[in-house]
Number of protein chains: 2
Amino acid sequence: MNLTDSIKRTTLHEELVERLRNLVVEDVLKPGEKVPEKQLCDSLGVSRTPLREALKVLASEGFVVLQANRGARVASVTRAELENTFPVLASLEQLVGELACQQMDAVEFQRIESSHKDMLSAYEARDRQAYFKANQDIHQALIQGARNDILENHHKLLAARVRRARFMANLSDERWAQAIDEHEAMMELLKARDADGLGKTMKLHMMNKLSALVKALEAQDETPR
Amino acid sequence: MNLTDSIKRTTLHEELVERLRNLVVEDVLKPGEKVPEKQLCDSLGVSRTPLREALKVLASEGFVVLQANRGARVASVTRAELENTFPVLASLEQLVGELACQQMDAVEFQRIESSHKDMLSAYEARDRQAYFKANQDIHQALIQGARNDILENHHKLLAARVRRARFMANLSDERWAQAIDEHEAMMELLKARDADGLGKTMKLHMMNKLSALVKALEAQDETPR
DNA sequence: AAAGTTAATTATGAATTCATTATTCAGTCA
DNA sequence: TGACTGAATAATGAATTCATAATTAACTTT
(Lines give C-alpha, C1' and ligand atoms only; values in the text may rest on other atoms or scores of the structure.)
Protein backbone atom coordinates (compact mmCIF):
# COMPACT_ATOMS: atom_id res chain seq x y z
CA MET A 1 0.00 0.00 0.00
CA ASN A 2 1.19 3.44 -0.86
CA LEU A 3 1.39 5.49 2.32
CA THR A 4 1.65 8.75 0.42
CA ASP A 5 -1.84 8.24 -0.90
CA SER A 6 -4.05 10.56 1.09
CA ILE A 7 -7.02 8.89 2.66
CA LYS A 8 -10.03 9.51 0.52
CA ARG A 9 -12.55 11.29 2.65
CA THR A 10 -15.13 13.11 0.73
CA THR A 11 -17.62 15.56 2.12
CA LEU A 12 -21.29 15.64 1.26
CA HIS A 13 -21.05 18.75 -0.83
CA GLU A 14 -18.23 17.33 -2.95
CA GLU A 15 -20.26 14.24 -3.60
CA LEU A 16 -23.25 16.36 -4.46
CA VAL A 17 -21.32 18.55 -6.89
CA GLU A 18 -20.37 15.44 -8.85
CA ARG A 19 -23.82 13.91 -8.70
CA LEU A 20 -25.67 17.05 -9.67
CA ARG A 21 -23.25 17.97 -12.43
CA ASN A 22 -23.83 14.54 -13.83
CA LEU A 23 -27.57 14.96 -13.68
CA VAL A 24 -27.23 18.16 -15.67
CA VAL A 25 -24.76 16.82 -18.23
CA GLU A 26 -26.77 13.62 -18.67
CA ASP A 27 -29.87 15.71 -19.31
CA VAL A 28 -31.78 14.26 -16.38
CA LEU A 29 -32.21 17.79 -15.13
CA LYS A 30 -33.38 19.64 -18.22
CA PRO A 31 -32.17 23.06 -19.35
CA GLY A 32 -34.25 25.88 -17.94
CA GLU A 33 -35.80 23.63 -15.33
CA LYS A 34 -35.98 24.82 -11.77
CA VAL A 35 -33.88 22.90 -9.28
CA PRO A 36 -36.26 22.16 -6.42
CA GLU A 37 -34.12 22.08 -3.31
CA LYS A 38 -36.60 20.31 -1.09
CA GLN A 39 -37.35 17.55 -3.52
CA LEU A 40 -33.69 16.90 -4.28
CA CYS A 41 -32.87 16.89 -0.59
CA ASP A 42 -35.51 14.29 0.05
CA SER A 43 -34.50 12.05 -2.82
CA LEU A 44 -30.79 12.36 -2.03
CA GLY A 45 -31.24 12.11 1.70
CA VAL A 46 -29.31 15.22 2.65
CA SER A 47 -30.21 18.52 4.21
CA ARG A 48 -30.36 21.76 2.31
CA THR A 49 -27.03 23.09 3.54
CA PRO A 50 -24.69 20.80 1.59
CA LEU A 51 -27.04 20.82 -1.38
CA ARG A 52 -26.98 24.59 -1.51
CA GLU A 53 -23.20 24.61 -1.18
CA ALA A 54 -23.05 22.33 -4.17
CA LEU A 55 -25.37 24.59 -6.15
CA LYS A 56 -23.08 27.56 -5.60
CA VAL A 57 -20.19 25.58 -7.03
CA LEU A 58 -22.26 24.36 -9.97
CA ALA A 59 -23.27 27.96 -10.61
CA SER A 60 -19.64 29.07 -10.71
CA GLU A 61 -19.01 26.27 -13.18
CA GLY A 62 -21.90 27.45 -15.31
CA PHE A 63 -24.17 24.43 -15.02
CA VAL A 64 -26.89 26.19 -13.08
CA VAL A 65 -27.94 29.80 -12.83
CA LEU A 66 -28.79 31.37 -9.49
CA GLN A 67 -31.32 34.13 -9.09
CA ALA A 68 -31.48 35.85 -5.74
CA ASN A 69 -34.51 34.70 -3.78
CA ARG A 70 -35.63 32.60 -6.71
CA GLY A 71 -33.30 29.69 -6.40
CA ALA A 72 -31.45 27.78 -9.06
CA ARG A 73 -32.28 26.84 -12.62
CA VAL A 74 -30.47 24.45 -14.88
CA ALA A 75 -28.45 26.57 -17.32
CA SER A 76 -29.81 26.48 -20.81
CA VAL A 77 -27.62 25.45 -23.73
CA THR A 78 -27.89 28.25 -26.22
CA ARG A 79 -26.31 28.35 -29.62
CA ALA A 80 -24.53 31.60 -28.74
CA GLU A 81 -23.04 29.96 -25.70
CA LEU A 82 -21.85 26.97 -27.70
CA GLU A 83 -20.29 29.27 -30.25
CA ASN A 84 -18.34 30.83 -27.40
CA THR A 85 -17.46 27.62 -25.66
CA PHE A 86 -16.14 25.62 -28.60
CA PRO A 87 -13.33 28.00 -29.57
CA VAL A 88 -12.09 28.09 -25.99
CA LEU A 89 -12.21 24.32 -25.75
CA ALA A 90 -10.52 24.07 -29.13
CA SER A 91 -7.66 26.21 -27.84
CA LEU A 92 -7.24 23.90 -24.89
CA GLU A 93 -7.41 20.86 -27.15
CA GLN A 94 -4.60 22.31 -29.21
CA LEU A 95 -2.49 22.59 -26.09
CA VAL A 96 -3.47 19.07 -25.06
CA GLY A 97 -2.26 17.79 -28.40
CA GLU A 98 1.04 19.61 -28.18
CA LEU A 99 1.78 18.53 -24.64
CA ALA A 100 0.60 14.96 -25.09
CA CYS A 101 2.98 14.54 -28.02
CA GLN A 102 5.84 15.69 -25.87
CA GLN A 103 5.00 13.96 -22.63
CA MET A 104 3.27 10.67 -23.34
CA ASP A 105 5.15 7.45 -22.80
CA ALA A 106 4.98 4.27 -24.85
CA VAL A 107 2.46 2.55 -22.59
CA GLU A 108 0.06 5.44 -22.83
CA PHE A 109 0.51 5.56 -26.55
CA GLN A 110 -0.34 1.88 -26.89
CA ARG A 111 -3.43 2.35 -24.78
CA ILE A 112 -4.61 5.07 -27.10
CA GLU A 113 -3.87 2.99 -30.14
CA SER A 114 -6.00 0.25 -28.65
CA SER A 115 -8.88 2.64 -27.95
CA HIS A 116 -8.50 3.98 -31.46
CA LYS A 117 -8.97 0.48 -32.86
CA ASP A 118 -12.03 0.00 -30.65
CA MET A 119 -13.36 3.24 -32.05
CA LEU A 120 -12.88 2.07 -35.62
CA SER A 121 -14.67 -1.20 -34.88
CA ALA A 122 -17.53 0.69 -33.29
CA TYR A 123 -17.75 2.86 -36.37
CA GLU A 124 -17.81 -0.15 -38.68
CA ALA A 125 -20.63 -1.58 -36.59
CA ARG A 126 -22.30 1.83 -36.43
CA ASP A 127 -22.48 1.35 -32.67
CA ARG A 128 -22.90 4.90 -31.37
CA GLN A 129 -22.67 3.88 -27.72
CA ALA A 130 -19.37 2.06 -28.18
CA TYR A 131 -18.08 4.82 -30.43
CA PHE A 132 -18.68 7.51 -27.83
CA LYS A 133 -17.04 5.37 -25.19
CA ALA A 134 -13.88 4.75 -27.21
CA ASN A 135 -13.80 8.38 -28.25
CA GLN A 136 -14.00 9.50 -24.65
CA ASP A 137 -11.22 7.10 -23.71
CA ILE A 138 -8.93 8.52 -26.36
CA HIS A 139 -9.49 12.11 -25.38
CA GLN A 140 -9.19 11.28 -21.72
CA ALA A 141 -5.90 9.51 -22.30
CA LEU A 142 -4.55 12.43 -24.29
CA ILE A 143 -5.40 14.81 -21.48
CA GLN A 144 -3.77 12.55 -18.94
CA GLY A 145 -0.78 12.41 -21.22
CA ALA A 146 -0.47 16.17 -21.22
CA ARG A 147 0.37 16.05 -17.49
CA ASN A 148 -1.14 19.38 -16.59
CA ASP A 149 -3.71 19.55 -13.79
CA ILE A 150 -4.83 23.05 -14.56
CA LEU A 151 -5.39 22.21 -18.19
CA GLU A 152 -7.23 19.06 -17.16
CA ASN A 153 -9.57 20.94 -14.83
CA HIS A 154 -10.54 23.64 -17.24
CA HIS A 155 -10.84 21.17 -20.07
CA LYS A 156 -13.08 18.95 -18.00
CA LEU A 157 -15.54 21.74 -17.27
CA LEU A 158 -15.71 23.00 -20.83
CA ALA A 159 -16.00 19.49 -22.24
CA ALA A 160 -18.88 18.78 -19.88
CA ARG A 161 -20.71 21.89 -21.02
CA VAL A 162 -20.23 20.97 -24.63
CA ARG A 163 -21.31 17.42 -24.02
CA ARG A 164 -24.74 18.67 -23.05
CA ALA A 165 -25.26 19.74 -26.65
CA ARG A 166 -25.47 16.15 -27.86
CA PHE A 167 -29.11 16.15 -26.83
CA MET A 168 -29.79 18.98 -29.23
CA ALA A 169 -28.77 17.27 -32.47
CA ASN A 170 -27.72 13.85 -33.67
CA LEU A 171 -24.34 12.89 -35.06
CA SER A 172 -24.84 12.90 -38.82
CA ASP A 173 -23.37 10.14 -41.00
CA GLU A 174 -21.37 12.72 -42.83
CA ARG A 175 -19.87 14.23 -39.70
CA TRP A 176 -19.24 10.80 -38.28
CA ALA A 177 -17.16 9.83 -41.30
CA GLN A 178 -15.28 13.10 -41.14
CA ALA A 179 -14.55 12.62 -37.44
CA ILE A 180 -13.11 9.20 -38.17
CA ASP A 181 -10.80 10.69 -40.79
CA GLU A 182 -9.69 13.33 -38.34
CA HIS A 183 -8.94 10.69 -35.74
CA GLU A 184 -6.87 8.74 -38.25
CA ALA A 185 -4.85 11.86 -38.91
CA MET A 186 -4.46 12.45 -35.19
CA MET A 187 -3.07 8.95 -34.68
CA GLU A 188 -0.55 9.46 -37.46
CA LEU A 189 0.61 12.75 -36.00
CA LEU A 190 0.83 11.30 -32.53
CA LYS A 191 2.85 8.38 -33.84
CA ALA A 192 5.20 10.84 -35.51
CA ARG A 193 5.32 12.93 -32.34
CA ASP A 194 4.37 15.96 -34.38
CA ALA A 195 3.29 18.20 -31.50
CA ASP A 196 2.45 21.18 -33.62
CA GLY A 197 0.54 19.11 -36.15
CA LEU A 198 -1.45 17.21 -33.54
CA GLY A 199 -2.31 20.42 -31.73
CA LYS A 200 -3.60 22.05 -34.86
CA THR A 201 -5.54 18.97 -35.90
CA MET A 202 -7.20 18.60 -32.52
CA LYS A 203 -8.17 22.23 -32.56
CA LEU A 204 -9.63 21.81 -36.01
CA HIS A 205 -11.35 18.61 -34.94
CA MET A 206 -13.17 20.58 -32.25
CA MET A 207 -14.09 23.45 -34.52
CA ASN A 208 -15.43 21.04 -37.13
CA LYS A 209 -17.56 19.50 -34.44
CA LEU A 210 -19.03 22.94 -33.83
CA SER A 211 -19.66 23.50 -37.54
CA ALA A 212 -21.50 20.20 -37.82
CA LEU A 213 -23.54 21.04 -34.73
CA VAL A 214 -24.50 24.47 -35.99
CA LYS A 215 -25.42 22.99 -39.34
CA ALA A 216 -27.61 20.38 -37.66
CA LEU A 217 -29.30 23.02 -35.54
CA GLU A 218 -29.99 25.16 -38.57
CA ALA A 219 -31.50 22.20 -40.36
CA GLN A 220 -33.76 21.72 -37.35
CA ASP A 221 -34.89 25.33 -37.49
CA GLU A 222 -35.96 24.89 -41.10
CA THR A 223 -37.96 21.76 -40.42
CA PRO A 224 -39.41 22.12 -36.96
CA ARG A 225 -41.13 19.01 -35.84
CA MET B 1 -33.09 55.73 -15.93
CA ASN B 2 -32.91 52.61 -17.97
CA LEU B 3 -35.82 50.38 -17.03
CA THR B 4 -34.35 47.40 -18.81
CA ASP B 5 -31.48 47.35 -16.38
CA SER B 6 -32.17 44.54 -14.00
CA ILE B 7 -32.06 45.52 -10.37
CA LYS B 8 -28.75 44.54 -8.94
CA ARG B 9 -29.38 42.23 -6.04
CA THR B 10 -26.41 40.33 -4.92
CA THR B 11 -26.41 37.64 -2.32
CA LEU B 12 -24.01 37.46 0.58
CA HIS B 13 -22.11 34.50 -0.76
CA GLU B 14 -21.50 36.19 -4.11
CA GLU B 15 -20.15 39.24 -2.36
CA LEU B 16 -17.99 37.04 -0.19
CA VAL B 17 -16.54 35.12 -3.11
CA GLU B 18 -15.31 38.38 -4.62
CA ARG B 19 -14.02 39.75 -1.35
CA LEU B 20 -12.22 36.60 -0.31
CA ARG B 21 -10.75 35.97 -3.73
CA ASN B 22 -9.37 39.46 -3.58
CA LEU B 23 -7.86 38.86 -0.18
CA VAL B 24 -6.08 35.82 -1.58
CA VAL B 25 -4.92 37.45 -4.80
CA GLU B 26 -3.77 40.57 -2.96
CA ASP B 27 -1.77 38.40 -0.60
CA VAL B 28 -3.65 39.56 2.50
CA LEU B 29 -4.42 35.94 3.17
CA LYS B 30 -1.05 34.25 2.75
CA PRO B 31 -0.43 30.98 0.94
CA GLY B 32 -0.67 27.99 3.22
CA GLU B 33 -2.43 29.98 5.90
CA LYS B 34 -5.51 28.56 7.51
CA VAL B 35 -8.75 30.40 6.83
CA PRO B 36 -10.32 30.84 10.24
CA GLU B 37 -14.06 30.82 9.68
CA LYS B 38 -15.06 32.32 12.97
CA GLN B 39 -12.64 35.22 12.78
CA LEU B 40 -13.58 36.07 9.22
CA CYS B 41 -17.27 35.86 10.07
CA ASP B 42 -16.80 38.30 12.91
CA SER B 43 -14.75 40.77 10.91
CA LEU B 44 -17.06 40.57 7.91
CA GLY B 45 -20.24 40.54 9.95
CA VAL B 46 -21.81 37.44 8.42
CA SER B 47 -22.66 34.02 9.67
CA ARG B 48 -20.76 30.92 8.78
CA THR B 49 -23.26 29.66 6.23
CA PRO B 50 -22.61 32.16 3.41
CA LEU B 51 -18.92 32.24 4.23
CA ARG B 52 -18.67 28.51 3.89
CA GLU B 53 -20.62 28.60 0.63
CA ALA B 54 -18.08 31.10 -0.65
CA LEU B 55 -15.20 28.88 0.44
CA LYS B 56 -16.56 25.97 -1.59
CA VAL B 57 -16.61 28.17 -4.67
CA LEU B 58 -13.12 29.49 -4.00
CA ALA B 59 -11.95 25.90 -3.61
CA SER B 60 -13.40 24.94 -6.99
CA GLU B 61 -11.57 27.93 -8.45
CA GLY B 62 -8.34 26.78 -6.85
CA PHE B 63 -7.74 29.67 -4.47
CA VAL B 64 -8.23 27.67 -1.33
CA VAL B 65 -7.85 24.02 -0.51
CA LEU B 66 -10.41 22.19 1.59
CA GLN B 67 -9.55 19.31 3.86
CA ALA B 68 -12.42 17.36 5.32
CA ASN B 69 -12.92 18.24 8.98
CA ARG B 70 -9.88 20.48 8.87
CA GLY B 71 -11.30 23.47 7.11
CA ALA B 72 -9.80 25.63 4.41
CA ARG B 73 -6.26 26.77 3.70
CA VAL B 74 -5.12 29.36 1.23
CA ALA B 75 -3.71 27.51 -1.77
CA SER B 76 0.02 27.78 -2.07
CA VAL B 77 1.64 29.08 -5.25
CA THR B 78 4.13 26.47 -6.30
CA ARG B 79 6.48 26.68 -9.20
CA ALA B 80 5.05 23.48 -10.65
CA GLU B 81 1.60 24.95 -10.55
CA LEU B 82 2.74 28.12 -12.28
CA GLU B 83 4.45 26.08 -14.96
CA ASN B 84 1.13 24.40 -15.57
CA THR B 85 -0.98 27.53 -15.38
CA PHE B 86 0.99 29.79 -17.70
CA PRO B 87 0.73 27.62 -20.81
CA VAL B 88 -3.03 27.33 -20.37
CA LEU B 89 -3.37 31.05 -19.87
CA ALA B 90 -1.09 31.62 -22.85
CA SER B 91 -3.40 29.53 -25.01
CA LEU B 92 -6.34 31.63 -23.95
CA GLU B 93 -4.37 34.82 -24.55
CA GLN B 94 -3.70 33.66 -28.06
CA LEU B 95 -7.41 33.24 -28.62
CA VAL B 96 -8.07 36.63 -27.03
CA GLY B 97 -5.67 38.22 -29.47
CA GLU B 98 -7.23 36.54 -32.48
CA LEU B 99 -10.79 37.38 -31.51
CA ALA B 100 -10.02 40.92 -30.37
CA CYS B 101 -8.48 41.66 -33.75
CA GLN B 102 -11.60 40.49 -35.47
CA GLN B 103 -14.21 41.94 -33.17
CA MET B 104 -12.98 45.19 -31.68
CA ASP B 105 -14.44 48.43 -32.89
CA ALA B 106 -12.69 51.77 -33.38
CA VAL B 107 -13.67 53.18 -29.99
CA GLU B 108 -12.26 50.20 -28.17
CA PHE B 109 -9.11 50.39 -30.22
CA GLN B 110 -8.61 54.04 -29.32
CA ARG B 111 -9.10 53.27 -25.66
CA ILE B 112 -6.39 50.65 -25.82
CA GLU B 113 -4.09 53.02 -27.66
CA SER B 114 -4.60 55.51 -24.87
CA SER B 115 -3.85 52.94 -22.18
CA HIS B 116 -0.81 51.90 -24.16
CA LYS B 117 0.49 55.46 -24.06
CA ASP B 118 -0.18 55.61 -20.33
CA MET B 119 1.83 52.45 -20.00
CA LEU B 120 4.77 53.90 -21.91
CA SER B 121 4.73 57.01 -19.73
CA ALA B 122 4.66 54.87 -16.62
CA TYR B 123 7.63 52.93 -17.94
CA GLU B 124 9.59 56.11 -18.67
CA ALA B 125 8.88 57.24 -15.12
CA ARG B 126 9.64 53.75 -13.82
CA ASP B 127 6.33 53.92 -11.96
CA ARG B 128 5.52 50.29 -11.29
CA GLN B 129 2.11 51.03 -9.82
CA ALA B 130 0.97 53.03 -12.83
CA TYR B 131 2.54 50.51 -15.19
CA PHE B 132 0.60 47.61 -13.71
CA LYS B 133 -2.58 49.63 -13.86
CA ALA B 134 -2.20 50.56 -17.54
CA ASN B 135 -1.13 47.00 -18.35
CA GLN B 136 -4.21 45.63 -16.68
CA ASP B 137 -6.41 48.08 -18.57
CA ILE B 138 -4.97 46.98 -21.89
CA HIS B 139 -5.44 43.30 -21.24
CA GLN B 140 -8.89 43.88 -19.83
CA ALA B 141 -9.90 45.84 -22.92
CA LEU B 142 -8.58 43.14 -25.22
CA ILE B 143 -10.62 40.53 -23.41
CA GLN B 144 -13.73 42.64 -23.58
CA GLY B 145 -13.00 43.11 -27.26
CA ALA B 146 -12.98 39.38 -27.83
CA ARG B 147 -16.70 39.26 -26.94
CA ASN B 148 -16.67 35.83 -25.45
CA ASP B 149 -18.05 35.33 -21.93
CA ILE B 150 -16.70 31.85 -21.51
CA LEU B 151 -13.25 32.93 -22.55
CA GLU B 152 -13.49 35.90 -20.21
CA ASN B 153 -14.47 33.75 -17.24
CA HIS B 154 -11.75 31.19 -17.62
CA HIS B 155 -9.19 33.84 -18.41
CA LYS B 156 -10.17 35.82 -15.33
CA LEU B 157 -9.62 32.88 -13.01
CA LEU B 158 -6.29 31.86 -14.50
CA ALA B 159 -5.05 35.44 -14.60
CA ALA B 160 -5.93 35.86 -10.94
CA ARG B 161 -3.98 32.76 -10.02
CA VAL B 162 -0.98 33.94 -11.95
CA ARG B 163 -1.21 37.40 -10.46
CA ARG B 164 -0.52 35.93 -7.06
CA ALA B 165 2.99 35.08 -8.24
CA ARG B 166 4.01 38.74 -8.31
CA PHE B 167 4.69 38.48 -4.59
CA MET B 168 7.28 35.82 -5.24
CA ALA B 169 9.65 37.79 -7.45
CA ASN B 170 10.11 41.33 -8.65
CA LEU B 171 9.82 42.52 -12.22
CA SER B 172 13.43 42.79 -13.44
CA ASP B 173 14.59 45.78 -15.49
CA GLU B 174 15.47 43.42 -18.29
CA ARG B 175 12.08 41.77 -18.36
CA TRP B 176 10.35 45.11 -18.05
CA ALA B 177 12.10 46.41 -21.16
CA GLN B 178 11.26 43.20 -23.02
CA ALA B 179 7.62 43.45 -22.01
CA ILE B 180 7.48 46.99 -23.38
CA ASP B 181 8.88 45.79 -26.68
CA GLU B 182 6.31 43.03 -26.83
CA HIS B 183 3.53 45.49 -26.16
CA GLU B 184 4.77 47.74 -28.95
CA ALA B 185 4.62 44.77 -31.28
CA MET B 186 1.15 43.93 -30.07
CA MET B 187 -0.09 47.43 -30.82
CA GLU B 188 1.31 47.25 -34.32
CA LEU B 189 -0.35 43.93 -34.99
CA LEU B 190 -3.62 45.12 -33.55
CA LYS B 191 -3.49 48.22 -35.72
CA ALA B 192 -2.90 46.00 -38.73
CA ARG B 193 -5.71 43.68 -37.61
CA ASP B 194 -3.32 40.78 -37.88
CA ALA B 195 -5.32 38.28 -35.84
CA ASP B 196 -2.90 35.42 -36.23
CA GLY B 197 0.10 37.59 -35.46
CA LEU B 198 -1.44 39.20 -32.41
CA GLY B 199 -2.54 35.83 -31.08
CA LYS B 200 0.92 34.37 -31.41
CA THR B 201 2.56 37.43 -29.90
CA MET B 202 0.23 37.46 -26.91
CA LYS B 203 0.88 33.80 -26.33
CA LEU B 204 4.60 34.41 -26.49
CA HIS B 205 4.25 37.44 -24.24
CA MET B 206 2.72 35.22 -21.58
CA MET B 207 5.31 32.47 -21.96
CA ASN B 208 8.13 35.00 -21.73
CA LYS B 209 6.58 36.22 -18.53
CA LEU B 210 6.83 32.69 -17.20
CA SER B 211 10.46 32.37 -18.29
CA ALA B 212 11.35 35.60 -16.52
CA LEU B 213 9.54 34.45 -13.42
CA VAL B 214 11.24 31.08 -13.35
CA LYS B 215 14.59 32.76 -13.88
CA ALA B 216 13.93 35.13 -11.00
CA LEU B 217 12.90 32.26 -8.76
CA GLU B 218 16.00 30.31 -9.61
CA ALA B 219 18.16 33.33 -8.83
CA GLN B 220 16.42 33.48 -5.44
CA ASP B 221 17.21 29.84 -4.76
CA GLU B 222 20.89 30.48 -5.34
CA THR B 223 21.02 33.46 -3.01
CA PRO B 224 18.55 32.78 -0.24
CA ARG B 225 18.20 35.70 2.08
C1' DA C 1 12.53 16.89 31.22
C1' DA C 2 10.69 14.24 27.22
C1' DA C 3 7.49 11.27 25.33
C1' DG C 4 3.10 9.43 25.67
C1' DT C 5 -1.84 9.46 27.26
C1' DT C 6 -6.17 11.31 28.37
C1' DA C 7 -9.41 15.05 29.15
C1' DA C 8 -10.97 19.79 27.84
C1' DT C 9 -11.51 22.94 24.27
C1' DT C 10 -12.16 24.39 19.76
C1' DA C 11 -13.40 24.05 14.97
C1' DT C 12 -15.84 21.85 11.53
C1' DG C 13 -19.77 19.58 8.73
C1' DA C 14 -24.36 19.24 8.48
C1' DA C 15 -29.21 19.76 10.17
C1' DT C 16 -32.44 22.78 11.76
C1' DT C 17 -34.70 27.06 12.58
C1' DC C 18 -36.06 31.68 11.47
C1' DA C 19 -37.07 35.84 8.70
C1' DT C 20 -38.00 37.40 4.28
C1' DT C 21 -39.23 37.14 -0.41
C1' DA C 22 -41.96 34.79 -4.29
C1' DT C 23 -45.72 32.49 -5.69
C1' DT C 24 -50.33 30.83 -5.64
C1' DC C 25 -55.05 31.33 -5.20
C1' DA C 26 -59.38 33.05 -3.66
C1' DG C 27 -62.03 37.01 -3.74
C1' DT C 28 -63.27 41.75 -5.58
C1' DC C 29 -64.56 45.09 -8.83
C1' DA C 30 -64.89 47.02 -13.47
C1' DT D 1 -65.50 37.39 -18.03
C1' DG D 2 -61.10 39.14 -16.93
C1' DA D 3 -57.82 42.01 -14.83
C1' DC D 4 -56.57 43.46 -10.15
C1' DT D 5 -55.92 43.02 -4.98
C1' DG D 6 -54.46 40.89 -0.99
C1' DA D 7 -54.22 36.95 2.10
C1' DA D 8 -52.31 32.21 2.46
C1' DT D 9 -48.74 29.18 1.18
C1' DA D 10 -44.32 27.82 -0.28
C1' DA D 11 -39.50 28.53 -1.23
C1' DT D 12 -35.40 30.81 -0.37
C1' DG D 13 -31.25 33.09 2.14
C1' DA D 14 -29.05 33.26 6.18
C1' DA D 15 -28.45 32.44 11.27
C1' DT D 16 -28.35 29.18 14.67
C1' DT D 17 -27.91 24.75 16.74
C1' DC D 18 -26.08 20.19 17.21
C1' DA D 19 -23.01 16.14 16.71
C1' DT D 20 -18.49 14.87 15.73
C1' DA D 21 -13.75 15.27 14.57
C1' DA D 22 -9.38 17.74 15.42
C1' DT D 23 -6.53 20.30 18.32
C1' DT D 24 -4.76 21.85 22.51
C1' DA D 25 -3.79 21.48 27.30
C1' DA D 26 -3.12 18.99 31.37
C1' DC D 27 -1.40 15.17 33.44
C1' DT D 28 1.27 10.75 33.85
C1' DT D 29 5.02 7.87 33.55
C1' DT D 30 9.55 6.95 32.84
Side-chain angles (χ1 to χ4, degrees), chain A residues 3-21 23-24 28-76, chain B residues 3-21 23-24 28-76:
Chain A
L3 291 177
T4 65
D5 275 357
S6 58
I7 299 138
K8 169 115 176 279
R9 286 198 314 178
T10 185
T11 55
L12 272 184
H13 104 272
E14 282 179 83
E15 193 74 26
L16 287 172
V17 167
E18 294 296 325
R19 295 274 292 268
L20 291 179
R21 194 198 292 118
L23 292 181
V24 172
V28 178
L29 296 173
K30 308 283 184 189
E33 217 172 65
K34 256 189 39 197
V35 181
E37 294 184 4
K38 185 124 191 343
Q39 232 169 285
L40 270 179
C41 286
D42 290 350
S43 64
L44 293 167
V46 298
S47 78
R48 281 177 59 219
T49 304
L51 182 93
R52 288 169 56 78
E53 287 169 349
L55 286 175
K56 311 296 182 203
V57 173
L58 265 331
S60 88
E61 294 178 349
F63 293 103
V64 304
V65 175
L66 302 180
Q67 290 172 294
N69 295 315
R70 302 179 58 172
R73 285 183 175 281
V74 178
S76 51
Chain B
L3 291 178
T4 63
D5 274 359
S6 58
I7 298 141
K8 176 150 168 243
R9 288 198 314 176
T10 184
T11 55
L12 273 183
H13 104 272
E14 281 179 84
E15 193 74 28
L16 288 172
V17 167
E18 294 296 326
R19 295 274 292 269
L20 292 179
R21 195 197 291 117
L23 291 180
V24 173
V28 178
L29 295 173
K30 308 283 183 188
E33 217 172 65
K34 254 189 44 193
V35 182
E37 294 184 5
K38 184 124 191 341
Q39 235 170 285
L40 271 178
C41 286
D42 290 349
S43 63
L44 294 167
V46 298
S47 77
R48 281 177 61 219
T49 304
L51 182 94
R52 286 168 56 79
E53 287 170 349
L55 286 176
K56 312 296 183 203
V57 173
L58 265 333
S60 88
E61 294 178 349
F63 294 103
V64 304
V65 175
L66 301 180
Q67 292 172 292
N69 295 315
R70 302 181 58 171
R73 284 183 175 279
V74 178
S76 52

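Order of the sequence lines fixes the chain letters, A, B, ..., with proteins taken first and strands second; residue numbering starts at 1 for each chain. Note that the structure is predicted; figures quoted are calculated from it, not measured.
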Measure from [atom1] on [X] to [atom2] on [N] and round the result to the nearest Å.
X	N	atom1	atom2	answer
B:Asn69	C:dT10	CG	P	19 Å
A:Glu37	C:dA14	CD	P	16 Å
B:Leu66	C:dA14	CG	C1'	15 Å
B:Asp42	D:dA15	CG	C1'	13 Å
A:Lys56	D:dA14	NZ	P	7 Å
A:Arg73	D:dA11	CZ	C1'	13 Å
A:Gln67	D:dA11	CD	P	16 Å
A:Leu51	C:dA14	CG	P	12 Å

N/O (side chain, [X]) to phosphate O (OP1/OP2, [N]) under 4.0 Å:
X	N	answer
B:Arg70	C:dG13	no
B:Arg52	C:dG13	yes
A:Ser47	C:dA15	yes

Counting side-chain heavy atoms from CB outward, which of [options] is closest to [X]?
X	options	result
B:Leu12	D:dA14, D:dG13, C:dA15	D:dA14
B:Arg48	C:dA15, C:dT12, C:dT21	C:dT12
B:Lys34	C:dA14, D:dG13, C:dT12	C:dT12

[atom2] on [Y] to [atom1] on [X], rounded to 0.5 Å:
X	Y	atom1	atom2	value
A:Thr49	A:Leu16	OG1	CG	11.0 Å
A:Leu29	A:Leu58	CG	CG	9.5 Å
B:Arg52	B:Cys41	CZ	SG	9.5 Å

Are A:Glu18 and A:Arg21 ion-paired here, with the side-chain N under 4.0 Å from a carboxylate O?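 Yes, charged N to carboxylate O under 4.0 Å.
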Passing candidate, side chain to side chain contact (heavy atoms under 4.5 Å, CB included) with A:Leu20, options A:Val64, A:Leu55, A:Val35: A:Leu55
Across the strands shown, which category fits A:Glu53 at heavy-atom distances under 4.0 angstrom: base, sugar-phosphate, nothing?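 Nothing, no heavy atom under 4.0 Å.
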